[in-house]
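What follows is one structure encoded as structure tokens, with my remarks underneath.
In what follows, every chain begins at residue 1, and chains take the letters A, B, ... in the order their sequences are listed.
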Amino acid sequence: MVSLVEHLPILIVVLSLLSAITILIAGWIHRRTAWFISLGTLLFQFISSLFILEYVLTRGSIRYRLGGWVPPWGIEYVMDPLNSYVLIILLFLALICLLYSKKNIEHELPEKVVSFYTVYQLLITGLCGIVVTGDIFNMYVFIEIASLSAYALIASRGKIALRASFTYLVLGSIGACFFLLGIGFLYAITGSLNMHDLSLLLPPFYKNRVVIAAFAFILVGLSIKMALFPLHTWLPDAHAFAPSEISAMLSGIIIEVSTYAFIRVAFSVFTPPFLGLFPILEILSWLAAIAILFGSVLAITQRNLKRMLAYSSVANMGYIVLALGLSLSATTPPWGGLNPALMHILNHALMKGCLFLAAGGFIYKAELWDIDQFYQLGKKMPYTCAAFVIAALSMIGIPPSVGFVSKLYIILASIEAKQFFFVAVLLLSSLLNLIYFWRVIETMYMKTQGEEGHEPSSYSKHEIPMGMLIPIWILSSLCILMGIFWLAKIPMPILDRVNLLFGLFQKP
Amino acid sequence: MEWFLAKIFAKYNYWVFILLMLIGFYGIVAKENLIKKILGLNIFQTAIFLYFISLGAVKGGTAPIVDETIIQKGYIYTNPLPHVLILTAIVVSVATTAVALSLVIRMHREYGTIEESEIIEKSLREPPHGENSKPGT
């Protein structure tokens, strides 16, 4: 008997797409319905993603054939431990951001509520599609759906955000074109687009120059999407001037899902033996080390809080890619293989989501964009500031927060790989994190007056509404709770299954 | 010389696609005018589409319509799959262009120009707030 769960991967994508259209029509009649439809869809998606994970862990991967066509010809959706894990993170943060946006969007974009939720659902459709698909061309299409919605959402605040969005659009399209060209090269060699089929057909051609070129194009294309160091230039402006929940989504999910796409292509299509043939992962880890230092140093120089967090995202993508780069050389559980990279994908989503939503709270209540305007904020908005501080301490890496666990595991992995330079980079970056977050915390709690004789502005002394405060607090308490869970190794079975999937752990 | 000609002309489709791609890339990087940048992007995308289409071509191949009489005459078909892929990619490209053009329209309304340097100059003068922000309220 075919279980209902086997149909959930396609339902997640299709229902999200249909709800985007429903929101547009229902919102045209009565615009308050938009948020509720979106909430209902996302709740359904989130709960189904939990069912999928349970099913995948107990009964093995789900393979769903679209339209009943047999895989190498038809499109196939594949759910294995890796993408069910990413799917849960993605839908959880999307749900939190949706809860937050009810009040915030009515304040920030009062005339565009309906179109905001329509495009938001399209974004979720694209992201879910990237995660569930098992067909590489289908992945390209979903990457473009997600990116196009992201361009529109970033631009929604107008003015300077338009320029940020245009830069992202041009760079993102070039990235997607490179990805498409890489797919073209792979198709020219193998005549297949199914990821599983490609991984079986490719091994005889690993030394072929076309295959190497294909990998290079896909790597560069996805590096633009995931804002890896020299290709991160679109990120700071896009993060800083988007509505806050979109900043949180961009930083916590969109670039992470692009990283997932890269992991999927590198490990599922090309497989570890190919990665071992060339110093690809070494180059990636060195780039990531530069990204960590560069992002942290530039974060220190920023005055705008959201821009500072954006540069911090560049540094955090560096952590994920560094962990990815070490995944073949460190093979001892629990820190070997893909574990640290996947852990940091979740941890970064929690921390950066919380920080961006809190930063959005300051903008919502008092239009505070710059760090030096934050004096006495600790007294005026105590709960938001406290949540911000917890997430900031987690970024710095205070035990037992999630940031500490990520850094610990990446450091252990680099010690096993005998890359002591990376250990130094990670410790130095913690110090730099401390500098730039301490500056914010100090201004919030200790300064009584702004520098350069700023007039104490007349903003109200109230907290942000509960509807915004609760999502922020869920994320900030998870920053601690999840850290304890990781240290107690509760979610480890999922990650172990991922590593088994790619054969990354040594057999004991 | 013969070797050279063989390299160029035997695989001219690849040369054309690389040339077009570089022209498009030049347009994206070097042009100040945002509309010209979008045109550059379109040329860049089209180059990749042409590569896919040329990939599907089979020498002497006919249109891929399955028909008994054609098979009996011994004709071969071109590969239809790249065409289908590119049909999808063209839709993506059109959507990208539409979003890009609407962004340019909005920018023209805000800043009164579509030259990138002038927009940067004007946007640096304003504080980094969105359109709904009321400083100090």
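By the 4.5 Å heavy-atom criterion applied to side chains, B/Leu55 and A/Phe185 are not counted as neighbours. With contacts defined as side-chain heavy-atom distances shorter than 4.5 Å, the pair A/Phe166/B/Glu116 does not qualify. In this structure the side chain of B/Leu41 reaches within 4.5 angstrom of the side chain of A/Ile174, judged on heavy atoms.
One distance of note links CD1 of B/Ile119 with CG of A/Leu162; it measures 9.0 Å at 0.5 Å rounding. Separating the CD1 atom in A/Ile183 from the CG atom in B/Leu85 is a distance of 8.5 Å, to the nearest 0.5 Å. The structure places CE of B/Met107 at 14.0 Å from NZ of A/Lys159, a figure rounded to the nearest 0.5 Å. Separating the CZ atom in A/Arg163 from the CG atom in B/Leu34 is a distance of 10.5 Å, to the nearest 0.5 Å. Separating the CG atom in A/Leu169 from the CD1 atom in B/Ile38 is a distance of 7.5 Å, to the nearest 0.5 Å.
Across A/Ile160 and B/Tyr111, no two heavy atoms sit closer than the pair N-OH, 3.5 Å.
For B/Val91, no part sits under 4.5 Å from any heavy atom of chain A, backbone or side chain. If you measure heavy-atom distances from A/Ala188 to chain B, the contacts under 4.5 Å come from both the backbone and the side chain.
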For side-chain contact (heavy atoms from CB on, under 4.5 Å), just list the numbers for B/Val84 and A/Phe137, CA-CA rounded to whole Å, side-chain angles, deciding distance to a tenth of an Å, and then say yes or no.
CA-CA 11 Å; B/Val84 181; A/Phe137 187 80; over 6 Å; no
Trace of the side-chain contact (heavy atoms from CB on, under 4.5 Å) decision for A/Leu180 with B/Phe49:
CA-CA 9 Å; A/Leu180 181 62; B/Phe49 301 163; 4.1 Å; yes
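In B/Phe25, the CZ atom is not crowded: 12 or fewer heavy atoms of neighbouring residues, nucleotides or ligands sit closer than 6.0 Å.
Highest contact tally toward chain A, considering only B/Pro82, B/Ser102, B/Ala47, B/Gly24, is held by B/Pro82 [criterion: heavy-atom pairs under 4.5 Å].
With A/Cys177 as reference, B/Ile48 is the one residue of B/Thr96, B/Val92, B/Ile48 to meet the side-chain contact (heavy atoms from CB on, under 4.5 Å) rule.
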